[in-house]
Each structure stands twice: as C-alpha cells, then as structure tokens.
> 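Shown below is the structure under consideration.
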Amino acid sequence: MTQSLTGRVVVVTGGSKGIGRGIAQVFAEAGAKVAILARHADQAAAAAAAIGQGVIGLAGDVTSAASLRAGYAEVVRRLGTIDVLCANAGIFPQARLEEMTEAQWDEVSATNLKGTFLSVQAAIPYLKRSDQGRIIITSSITGPVTGYPGWTHYGATKAGQLGFMRTACIELAKYGITVNAVMPGNIITEGLAGMGAEYQASMAASIPLKRLGTVADIGHAALYFASKEAGYVTGQTIVVDGGQILPESLEALAQA
Ligand code: NAP
C-alpha cells in the first residue's frame, strides 16, 4: 500500500504481545524502525528479537510519565527520532459493576485512559519535529459501540480514548500531526486464546465474516493511518471487526 513508512521510527506501547506485537510486525515489514515498549523489558526484547528486522524492545510503563520519558529518550538515542506513536497498551480485567472496587476501576483507567494521555503527551516534542507525525490509538468496539458484562470500566476507557482523540487532533494539527484510532473487534491474541475454544467459537459465529480477527488485521489499519497517503485524515476511527457490530439480531445473521 505504502512505502512512506520506510525508515520512519515507530513506537508501539504494549508491543510485546497481542495486537501491539502484530502492529510492530506489520510496521517492521513495511520498512519502519520499530521500538516496542512494555513494562516487562525482557518480554519486549524477546518479541523484538522474534520479529527481527532491527526491532528493539525497551521498558516503558504507560502509567508513569517518567518511565515513558526515559523510554522515549532511549528510543531516540538508538533510532534517532520518533515519527509515529501507536498508543496501544491496554488491560481488560473483568469485574461486574456491583462488585467492582475503586482500585479495579482506577487500575483500568490509569492504564487505558490516563496511559493514552501520558503516552501521547510525552511523544509530542518528538512528533513535532517529524514531517509525518502520526498518533494511532488502539481503542475498541467495546465501549464506543458495544457493551460486554464485566467491562464497564474498560468500555468507559475505550470510549474515553476517542473523546481524548477528538480534541488532541485539533490541538496537534498545527504541527502536522494526525491523531486517529483503530477500533478492533475480537482479535485472536494470547489473552483471548485463554478465554477458551467455546468463547472463540461463539464469537466467530456472531461475526458476519465468520472468523475472529488477526493482529495483522489491526496492524494494517494502523499502517494506513501512519502512511503519508493518510496525511489529510485526522480525528477519525476505523472499525476492524469482520462486521461484528452490524447484525441487528441473531436472526439477521441466520438469514444471510
Ligand atoms: P495483551 O495481549 O494482553 O497485551 C497487552 C500489552 O500491553 C502487553 O505488551 C503488555 O506488556 C502491555 N501493557 C500492559 N500494561 C502496560 C503498561 N502499564 N505500560 C506499558 N505496557 C503495558 O492485549 P491485547 O489484546 O493485544 O490488547 C492491546 C490493545 O488492544 C488494548 O488497548 C486493548 O484494549 C485493545 N483491544 C484488544 C482486543 C482483543 O480482542 N484482543 C479488542 C479490542 C481492543 P507488559 O505486561 O509487559 O506491560
């Protein structure tokens, strides 16, 4: 699709596993210089080594501004700059509303929503210097569009990321930086695999394309937003869910 990522420096938070790892792989294959950040530096380094192609893995905790500043500084020391931030790190522990503790709410908010703010804010000085500054946020269909029991806190953060994006993109437009979001449906990751074959099968049955998504499906959507060709697209979302949010009922699927 694009050769405009060749040599660009891309940071992927939460890139040691799952969707972030898929994003890192797709960008590396597109010729970008990729840095993976995660709390566990050993796992980030292992994922980077497995992808190869010069990808590096570093420690970086999105709940800590100091940790992000240190991580980004190390990226710049080793790769020269930062052109693209994929603010992807997120957690999704389940807790029913009636039993949810303040600590559970705060943990999810701190990582998913405040973590997005901190990741973006710390990257601005670098992105301002790029002629292709890009921010791509990993949101979800859960929250902005759909709901799922156990995820009131998670859904609120995923919807909150989009509210954050819609003002951030206006503030950063003067630097030529775009801010967009990918909204994945059910994507096969290590975490989702752990929810069991039955869960996966029932999810696949409710999706018009009859399969769960792959991490590469999300990586390619992020790659589009990061491309030179998407330079006039900002504050937008793309749902990547195999059509999951569209059927009005099970009957609508059965009749297809
Ligand atoms: P995952 O497989 O559990 O991976 C999460 C990644 O985030 C890991 O690399 C983890 O590494 C990192 N991480 C967690 N807390 C962090 C922190 N405080 N600072 C830095 N890194 C942190 O998750 P995933 O399923 O790929 O989800 C990734 C994103 O996609 C999330 O934002 C999630 O909301 C979104 N999403 C996922 C799905 C899906 O079906 N999987 C669907 C919609 C949206 P460490 O533990 O080492 O930090």
Side-chain angles (χ1 to χ4, degrees), residues 11-26 34-48 50-51 55 57-72 85-94 106-119 122 136-148 151 153-162 164-165 181-195 199-200 203-204 207 211-219 221-222 237-242 244-245:
V11 170
V12 185
T13 68
S16 63
K17 284 191 281 185
I19 288 175
R21 183 169 168 162
I23 292 172
Q25 173 103 39
V26 166
V34 180
I36 286 171
L37 261 60
R39 288 169 301 180
H40 300 91
D42 54 337
Q43 292 176 17
I51 296 171
V55 177
L58 304 170
D61 183 341
V62 300
T63 66
S64 159
S67 172
L68 284 162
R69 278 197 296 271
Y72 291 173
L85 168 68
C86 295
N88 166 81
I91 57 172
F92 33 90
Q94 286 184 294
D106 288 344
E107 184 195 15
V108 172
S109 299
T111 304
N112 297 3
L113 189 52
K114 188 176 171 190
T116 298
F117 151 61
L118 292 176
S119 304
I136 299 110
I137 295 168
T138 308
S139 173
S140 177
I141 58 169
T142 310
V145 186
T146 64
Y148 200 93
W151 276 336
H153 51 357
Y154 175 77
T157 64
K158 293 286 128 179
Q161 286 178 305
L162 301 186
F164 168 85
M165 174 190 75
V182 180
M183 297 164 65
N186 277 265
I187 308 302
I188 302 171
T189 58
E190 299 90 329
L192 198 129
M195 293 182 83
Y199 173 86
Q200 286 189 46
M203 273 298 172
I207 297 169
R211 68 169 176 89
L212 275 65
T214 66
V215 294
D217 288 327
I218 306 306
T237 57
I238 182 167
V239 172
V240 184
D241 73 340
Q244 183 178 341
I245 61 175

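Every value quoted in this text rests on a predicted model; they were computed, and no experiment measured them. Both ligands and their constituent atoms are indexed starting at 1 by order of listing.
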> State, to 0.1 Å, how close M203 and L212 come at their nearest heavy-atom pair, and which atoms those are.
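Nearest heavy atoms, M203 then L212: CB-CD1, 4.1 Å.
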
> For ligand 1, which atoms, with element, lie under 4.0 Å from some heavy atom of K17?
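This gives 2 (O), 4 (O), 8 (C), 9 (O) as the contact atoms.
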
> Which atom names give the shortest non-hydrogen contact between L162 and A181, and what distance separates them?
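Smallest heavy-atom distance, with atoms named: CD2-CB, 3.6 Å.
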
> If you have a sec, work out which protein heavy atom is nearest atom 19 (N) of ligand 1 and how many Å separate them, to one decimal?
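For this ligand atom, the closest protein heavy atom is V62 N, 2.9 Å.
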
> Provide the number and element of each atom of ligand 1 under 4.0 Å from a heavy atom of A89.
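Counting atoms of ligand 1 from 1, those under 4.0 Å from A89 are 7 (O), 20 (C), 21 (N), 22 (C), 32 (O).
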
> Suppose we measure from atom 42 (C) of ligand 1 to each protein heavy atom; which comes out shortest, and what is that distance?
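The answer is G185 O, 3.0 Å.
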
> Walk me through whether I91 and V108 qualify under side chain to side chain contact (heavy atoms under 4.5 Å, CB included).
CA-CA 6 Å; I91 57 172; V108 172; 4.3 Å; yes

> With side chain to side chain contact (heavy atoms under 4.5 Å, CB included) as the test, would you mind laying out the steps for I36 and V55 before giving the verdict?
CA-CA 7 Å; I36 286 171; V55 177; 3.9 Å; yes

> Would one find an N or O of G14, backbone or side chain, under 3.5 Å from an N or O of ligand 1?
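Looking only at distances, the answer is yes, because the N/O contact criterion of under 3.5 Å is met.
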
> Which is it for S139 and ligand 1 at heavy atoms under 4.0 Å: side chain, backbone, both or neither?
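The backbone, only.
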
> Counting non-hydrogen protein atoms only, what is the nearest one to atom 34 (O) of ligand 1? Give residue, atom name and distance.
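Sorting protein heavy atoms by distance from atom 34 (O) of ligand 1 puts Y154 OH, 2.6 Å first.
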
> Measure the CG-NE2 distance between D61 and H40 for me, rounded to the nearest 0.5 Å.
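Rounded to the nearest 0.5 Å, the CG-NE2 separation comes out at 10.0 Å.
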
> Please state whether G213 comes within less than 4.0 angstrom of ligand 1, counting heavy atoms only.
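Not so, G213 does not reach ligand 1.
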
> In terms of atom number and element, which parts of ligand 1 are under 4.0 angstrom from non-hydrogen atoms of H40?
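Under 4.0 Å from H40, ligand 1 has these atoms: 45 (P), 46 (O), 47 (O).
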
> Backbone or side chain, does any N or O of N186 fall under 3.5 Å from an N or O of ligand 1?
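N/O-N/O distance under 3.5 Å: no.
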
> Below 3.5 angstrom, do we get any N/O pair linking A38 and ligand 1?
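Among all N and O atoms of A38, none is under 3.5 Å from an N or O of ligand 1.
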
> Counting only heavy atoms, tell me which of G22, G15, S16 gets closest to atom 10 (C) of ligand 1.
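Nearest option to atom 10 (C) of ligand 1, by heavy atoms: S16.
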
> Please report the C-alpha distance between D106 and K114 in whole Å, then the side-chain angles of each, then the deciding distance to 0.1 Å, and finally whether the salt bridge (charged side-chain N to carboxylate O under 4.0 Å, His left out) criterion is met.
CA-CA 10 Å; D106 288 344; K114 188 176 171 190; over 6 Å; no

> In the protein, which heavy atom is nearest to atom 20 (C) of ligand 1, and how far is it?
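Checking every protein heavy atom, the shortest distance to atom 20 (C) of ligand 1 gives G60 O, 3.2 Å.
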
> Can you figure out which of N88, T138, D42 has its heavy atom closest to atom 31 (C) of ligand 1?
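Of the listed residues, N88 has the closest heavy atom.
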
> So, taking the atom named CG in L118 and the one named CZ in R69, what distance separates them when rounded to the nearest 0.5 Å?
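If I round to the nearest 0.5 Å, the distance is 9.0 Å.
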
> Which pair of heavy atoms, one from L68 and one from A122, lies closest together, and at what distance?
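Smallest interatomic distance, heavy atoms only, reads CB-CB, 4.3 Å.
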
> What residue and heavy atom of the protein are closest to atom 27 (O) of ligand 1, and at what distance?
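Heavy-atom neighbour on the protein nearest atom 27 (O) of ligand 1: F92 CE2, 3.7 Å.
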
> So between G20, G90, A59, whose heavy atom ends up nearest atom 5 (C) of ligand 1?
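Checking each option, the heavy atom nearest atom 5 (C) of ligand 1 is found in G90.
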
> Could you identify the single nearest non-hydrogen protein atom to atom 46 (O) of ligand 1 and state the distance to 0.1 Å?
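That would be R39 NH2, 2.9 Å.
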
> List the closest protein heavy-atom neighbour of atom 18 (N) of ligand 1: residue, atom name, distance to the nearest 0.1 Å.
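Minimum-distance protein heavy atom for atom 18 (N) of ligand 1 reads D61 OD1, 2.9 Å.
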
> For atom 37 (C) of ligand 1, grab the closest protein heavy atom and report residue, atom and distance to one decimal in Å.
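Ranking protein heavy atoms by distance from atom 37 (C) of ligand 1, first comes I19 CD1, 3.3 Å.
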
> So, N112 and Q161: side-chain donor and acceptor under 3.5 Å apart, yes or no?
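No, because no side-chain N or O of N112 sits under 3.5 Å from a partner of the opposite role on Q161.
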
> Is the contact between I187 and ligand 1 made by the side chain, the backbone, both, or neither, using heavy atoms and a 4.0 Å cut-off?
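The answer is both, backbone and side chain.
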
> Counting distance only, does the side-chain N/O of T142 pair as donor-acceptor with the main-chain N or O of G155 below 3.5 Å?
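It does not hold such a pair.
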
> Using a strict 4.0 Å cut-off to heavy atoms of G18, name the atoms of ligand 1 that fall inside it.
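Those of ligand 1 that fall under 4.0 Å from G18 are 2 (O), 26 (O).
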
> Between T138 and C86, does the side chain to side chain contact (heavy atoms under 4.5 Å, CB included) criterion hold? Intermediate values first, please.
CA-CA 7 Å; T138 308; C86 295; 5.9 Å; no

> Is the closest N or O pair between T63 and ligand 1 shorter than 3.5 Å?
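No - when backbone and side-chain N and O of T63 are compared with those of ligand 1, no distance drops under 3.5 Å.
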
> Where do M183 and V240 land on the side chain to side chain contact (heavy atoms under 4.5 Å, CB included) test, with the steps shown first?
CA-CA 6 Å; M183 297 164 65; V240 184; over 6 Å; no

> Near K158, which atoms of ligand 1 are under 4.0 Å from a heavy atom of that residue?
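Result: 31 (C), 32 (O), 33 (C), 34 (O).
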
> Sub-3.5 Å donor-acceptor pair from the side chain of T189 to the main-chain atoms of I19, do we have one?
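A pair under 3.5 Å: no.
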
> If you take all heavy atoms of I187 and V215, which pair is closest and at what distance?
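Smallest interatomic distance, heavy atoms only, reads CG2-N, 3.7 Å.
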
